[in-house]
Chemist: 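Mind having a look at this structure? Questions to follow.
Values below: all heavy atoms of this structure, side chains included; hydrogens, waters and symmetry mates excluded.
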Amino acid sequence: MGTRMIGVSIAVPEPYGSLLQQRRAGFGDPAAHAIPTHVTLLPPTEADAAVLDAFGAHLAEVARTGRPFRLRLAGTGTFRPLSPVVYVTLAEGGPECAALQERVRSGPVARELQFPYHPHVTVAHGVPEEALDRAQRELAGYTAAWTVTGFRLYEQGDDGVWRTLRDYPFAYASGLTPGVPQQQSGGLDAAEPVR
C-alpha cells in the first residue's frame, strides 16, 4: 500500500485564510498556493498507508474529547536566522494548540519534532531576505480571531498540493455547533472530505 505524506492542522477560516494565502504568494513564496493557511498540529509526516485507519480513529478520539477555544492572530515574528520563515503570531490559543498537538502526535503516527513546538501561521518561507523583511513589516499590524471548533487531516499529492482528507470537529460544547471552518484550498478545487 506504500506510504503517504500527511499532516494535521487547524484551518484558518475565511476570509482570513485566503487573504493570508494571497499575501504569502505576493511575497514570492512558491508554495503559497499548495498549502492552505493553517496552524500545524502534526508537521508533514510520511506514514504507512496501512496505519491510516488507526490514525483516523485516534484523531476522532482526540476530537471527541476536544473543546472549542478562541484563537487570535496578532502581529508577526520570524524564525530567522535559524530558518527563513516569517509568520503571524498567536496572541491567544497557543497553549490550547500545544496541548492539542501533543495529543495528535501521541497516536499511531507518533513523531518527534525537529524544533520545540511554536504555533504560528506561516506567511513567507524560503524567499529572499528582502521579501521576508517586507512580510514581517507589512503584516505587523494584522489581526484576526475566531473560535477553533476542530482540525483537519491533510495529504500532500504527487503535485505537491495539500488537500483535505477528513475534518475532525470537536464535541459540542458551550452552545457551539461543531464543525471545521470552511477554507479555500490552494486556489484549486477543494477535495471532498472523507466521511
Side-chain angles (χ1 to χ4, degrees), residues 5-25 27 29 31-45 55 58-59 62-63 65-79 82-83 85-107 109 111 113-126 135-136 139-140 142-156 161-170 176 178-186 190 193:
M5 187 63 73
I6 61 168
V8 179
S9 300
I10 295 169
V12 175
E14 298 305 338
Y16 318 121
S18 289
L19 180 124
L20 290 175
Q21 191 174 44
Q22 289 165 4
R23 294 305 308 269
R24 185 171 178 170
F27 299 130
D29 190 326
H33 292 297
I35 305 171
T37 311
H38 67 281
V39 176
T40 300
L41 299 175
L42 175 74
T45 301
F55 186 54
H58 168 71
L59 293 178
V62 170
T65 59
R67 295 291 176 258
F69 62 92
R70 181 173 169 79
L71 194 148
R72 183 168 60 90
L73 303 177
T76 54
T78 184
F79 293 129
L82 191 59
S83 181
V85 173
V86 169
Y87 56 85
V88 175
T89 61
L90 270 65
E92 281 182 66
E96 292 86 349
C97 289
L100 188 56
Q101 66 87 28
E102 281 185 11
R103 295 193 60 220
V104 166
R105 290 189 305 107
S106 71
V109 180
R111 114 164 238 186
L113 298 179
Q114 184 178 359
F115 302 104
Y117 183 72
H118 182 90
H120 64 279
V121 176
T122 298
V123 291
H125 181 204
Q136 193 164 3
L139 292 173
Y142 182 79
T143 61
W146 69 94
T147 299
V148 175
T149 56
F151 55 87
R152 191 168 275 173
L153 173 64
Y154 293 91
E155 179 179 17
Q156 186 179 41
V161 175
W162 288 89
R163 294 180 178 85
T164 301
L165 284 180
R166 183 169 174 192
D167 290 333
Y168 290 91
F170 293 146
L176 296 171
V180 176
Q182 292 301 306
Q183 182 187 56
Q184 292 181 1
S185 177

Chemist: Do Glu96 and Val148 come within less than 4.5 Å of each other through their side chains, counting heavy atoms only?
Modeler: no
Chemist: Quiz question: by atom type and distance under 3.5 Å, do the side chains of Arg105 and Thr45 form a donor-acceptor pair?
Modeler: no
Chemist: Which atom names give the shortest non-hydrogen contact between Pro119 and Val39, and what distance separates them?
Modeler: CB-CG1, 4.0 Å
Chemist: How long is the gap from CZ on Arg152 to CG on Asp167, to the nearest 0.5 Å?
Modeler: 4.0 Å
Chemist: Kindly indicate whether the side chain of Tyr16, heavy atoms from C-beta on, has any atom under 4.5 Å from the side chain of Val88.
Modeler: no
Chemist: Measuring from Arg24:CZ to Ile35:CD1, what's the distance to the nearest 0.5 Å?
Modeler: 4.5 Å
Chemist: Please give me the minimum heavy-atom distance between Ala32 and Gln21, naming the atom from each residue.
Modeler: O-NE2, 3.0 Å
Chemist: Looking at every heavy atom in both Ala135 and Thr76, which two are closest together, and how far apart are they?
Modeler: O-CG2, 4.1 Å
Chemist: Determine the minimum heavy-atom distance between Phe69 and Leu100, stating which atoms define it.
Modeler: CE2-CD2, 4.4 Å
Chemist: Between Val62 and Arg103, does a side chain to side chain contact (heavy atoms under 4.5 Å, CB included) hold up when you go through it step by step?
Modeler: CA-CA 7 Å; Val62 170; Arg103 295 193 60 220; 3.9 Å; yes
Chemist: Would you check if the side chain of His38 reaches a backbone N or O of Gly17 as a donor-acceptor pair within less than 3.5 Å?
Modeler: no
Chemist: Measuring from atom OG of Ser83 to atom CZ of Phe115, what distance do you get when rounded to the nearest 0.5 angstrom?
Modeler: 6.0 Å
Chemist: Working to the nearest 0.5 Å, report the span between OH of Tyr154 and CG of Leu41.
Modeler: 10.0 Å
Chemist: In the structure I gave you, are the side-chain heavy atoms of Tyr142 and Val121 within less than 4.5 Å of one another anywhere?
Modeler: no
Chemist: List the atom of Leu153, the atom of Tyr168, and the distance in Å for their closest heavy-atom pair.
Modeler: CB-CE1, 3.9 Å
Chemist: Report the C-alpha separation of His118 and Tyr87 in whole Å, then their side-chain angles, then the decisive distance to 0.1 Å, and conclude whether the side-chain hydrogen bond (donor to acceptor under 3.5 Å, both in side chains) test is met.
Modeler: CA-CA 11 Å; His118 182 90; Tyr87 56 85; 3.3 Å; yes
Chemist: What are the two closest non-hydrogen atoms of Asp29 and His125, and how far apart are they?
Modeler: OD2-N, 2.9 Å
Chemist: When rounded to the nearest 0.5 angstrom, what distance separates CZ in Arg72 from OG1 in Thr89?
Modeler: 8.5 Å
Chemist: Is there a side-chain contact between Leu73 and Leu20 (heavy atoms, below 4.5 Å)?
Modeler: yes
Chemist: Roughly how far, to the nearest 0.5 Å, is CZ of Phe151 from CZ of Arg166?
Modeler: 9.5 Å
